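Okay, structure first, notes after.
Just follow the structure's listing: the first ligand is 1, and inside any ligand the first atom is 1. Given the structure is predicted, the values throughout are model-derived calculations rather than measurements.
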Amino acid sequence: MSASDIAGLFKKFGGSPAQYQEITQAETEKASQKRWPSMFGGKKAAAEAEAHAEEPDEQPEVEPEVTPPAAPVAEKPVLDAPVAAPEPLPAPSKKPSSKTPDAWSSAGLQSLLAKLANEAKAPATPEPEQPSEPEPEPIAVAQPPRSKPELSDIKVVAVVSGKGGVGKSTMAANIAAALHKVGRPVLAIDLDPQNALHHHFQPEGEVSEEQGVVRFEQDWREQAVPTKDGVFVLPYGLGDEAQRRIFEAQLADDPLWLAYRLSDLELSEGAVVVIDTPPGPSVYLQQALAVANVALVVSLADAASYTALPMIDRLIASYTDERDDFAGTAYVVNQIDPSRQLNKDITHVMHGLLGDRLIGRITRDQSISEALAYNRNVMDYDPHGRGCRDILDCTMALVGYFASDDEGA
Ligand SMILES: Nc1ncnc2c1ncn2[C@@H]1O[C@H](COP(=O)(O)OP(=O)(O)OP(=O)(O)O)[C@@H](O)[C@H]1O
Ligand SMILES: [Mg+2]
């Protein structure tokens with residue numbers, strides 16, 4: 001099903017008018033800007049800071065200077081010996097394809113792996129037509145009742161996957177920490193009711209049960225948790241079931257809810273927002289993709305993750321097609337075990353199909369899961385380990401994606 005078909009379905013479903021709730025920030029803005037000047041330092045903040053410059057008691061706190069680290073020392077992972085060419089690559093367009101290449105089926109994967117095993121040199125013959133898998137049910141999305149606010153000063157990365165447990169939260173947290181290390185102001189938002197993202201960081205002070213996006217009526221400047229890693233984190237929060245249902249209804253009713261919340265924050269220029277999402281289709285994924293400049297798909301190097309990729313690719317296409325500010329989809333293969341040939345082969349096949357859209361190959365590294373046990377990110381926990389190097393490489397490739405997006409703009 002093409003993106004235009006899906007857009008047609010959305011029109012058909014229609015929706016009720018949005019009930020976007022304007023949040024009055026006049027009372028809290030000044031205090032928040034003083035508290036976190038570098039993160040929430042938008043234009044209005046800058047003007048206000050100037051107005052108060054002569055008042056001796058109102059000096060803004062100075063955020064510790066960020067020293068970008070030297071370029072990652074890790075060598076780019078080098079692929080093994082060349083293998084038989086897989087199915088013709090999708091055009092190296094950054095836009096996700098709404099068509100599903102046959103190679104993405106499990107039979108296609110078997111065929112590509114067989115070619116690898118045989119080290120066949122002959123050009124690939126066309127794969128037999130595979131029965132197409134059932135189309136996922138599109139999510140009914142209300143027509144946007146208003147235009148999307150301007151977010152061109154910031155970059156938004158939505159971390160997504162078709163399957164659960166692949167390492168989205170781990171990647172979101174560690175990439176957020178790495179982005180801060182290379183000098184970007186970073187806000188990490190947990191849009192997953194599992195509420196796990198903030199566990200990857202060391203908060204400055206207590207995280208109250210009241211803090212979280214699930215309490216959608218509250219001011220995010222008060223909700224964001226400053227962490228020792230320099231990243232500001234907005235937890236999902238600990239609302240009860242009723243609160244969660246109300247929140248999800250609000251999100252379904254107003255597809256631009258997150259866009260307006262981000263706009264209201266007036267984040268400083270160059271800030272990056274990293275959004276963690278639940279696996280598969282959801283109102284959270286829809287909200288994240290409505291503002292994302294880059295969708296970062298996390299996958300394992302196994303057959304189940306591999307065959308789930310077309311589903312998430314179609315979802316991304318349905319929410320980002322026709323948006324000029326969407327730079328494209330990037331992919332990360334996570335938890336690669338170099339001692340397992342199948343892991344290496346599937347990674348190799350994916351590289352053949354995705355080309356430079358595969359921006360990360362992350363080794364399975366015990367330090368990554370251990371870091372979580374201590375509320376740390378791996379850069380802090382094991383800065384010289386393989387997992388840390390892989391994540392820094394991936395982060396630098398992501399920054400390159402931002403740069404190419406700016407050039408194309
Ligand atoms: N590269 C890695 N090396 C070792 N362990 C990893 C790696 N990446 C993730 N893990 C571990 O895998 C488990 C699942 O990771 P995570 O919770 O980030 O997945 P997820 O995709 O966010 O899951 P869900 O879909 O439930 O939200 C965690 O225990 C995490 O520590
Ligand atoms: Mg998660």
Step by step, work out the side chain to side chain contact (heavy atoms under 4.5 Å, CB included) result for Ile346 and Val349. CA-CA 5 Å; Ile346 292 182; Val349 165; 5.5 Å; no

What protein heavy atom is closest to atom 29 (O) of ligand 1, reported as residue, atom name and distance in Å? Ser369 CB, 4.7 Å

Closer than 4.0 angstrom: is that true for some heavy atom of Gly387 and an atom of ligand 1? no

Less than 4.0 Å is my threshold; does some heavy atom of Asp276 fall inside it relative to ligand 1? no

Can you pull out the closest protein heavy atom to atom 19 (O) of ligand 1? Residue, atom name and distance to 0.1 Å, please. Gly167 N, 3.0 Å

Assess the pair Phe247 and Trp257: is the distance between their ring centroids shorter than 6.0 Å? yes

Heavy atom of Gly165, distance to ligand 1 below 4.0 Å: yes

Verdict with supporting geometry, Lys163 and Ser305, side chain to side chain donor-acceptor pair (under 3.5 Å): CA-CA 6 Å; Lys163 282 195 64 64; Ser305 287; over 6 Å; no

Note: ligand 1 atoms sitting under 4.0 Å from heavy atoms of Asp192 are 27 (O)

Which bit of Val298 gets closer than 4.0 Å to ligand 1, counting heavy atoms only: side chain, backbone, both or neither? neither

Does any N, O or S atom in Thr170 come within less than 2.8 Å of the Mg ion (ligand 2)? no

Going by heavy-atom distance to atom 25 (O) of ligand 1, choose the closest among Arg386, Lys168, Lys163, Gln194. Lys168

Would you say atom 4 (C) of ligand 1 touches the protein, meaning some protein heavy atom is under 4.0 Å from it? yes

Closest to atom 8 (N) of ligand 1 by heavy-atom distance, out of Asn334, Asp337, Ile368, is Asn334

Ring centroid separation Phe326 to Tyr319 under 6.0 Å: no

The protein heavy atom nearest to atom 10 (N) of ligand 1 is Gln335 NE2, 3.5 Å

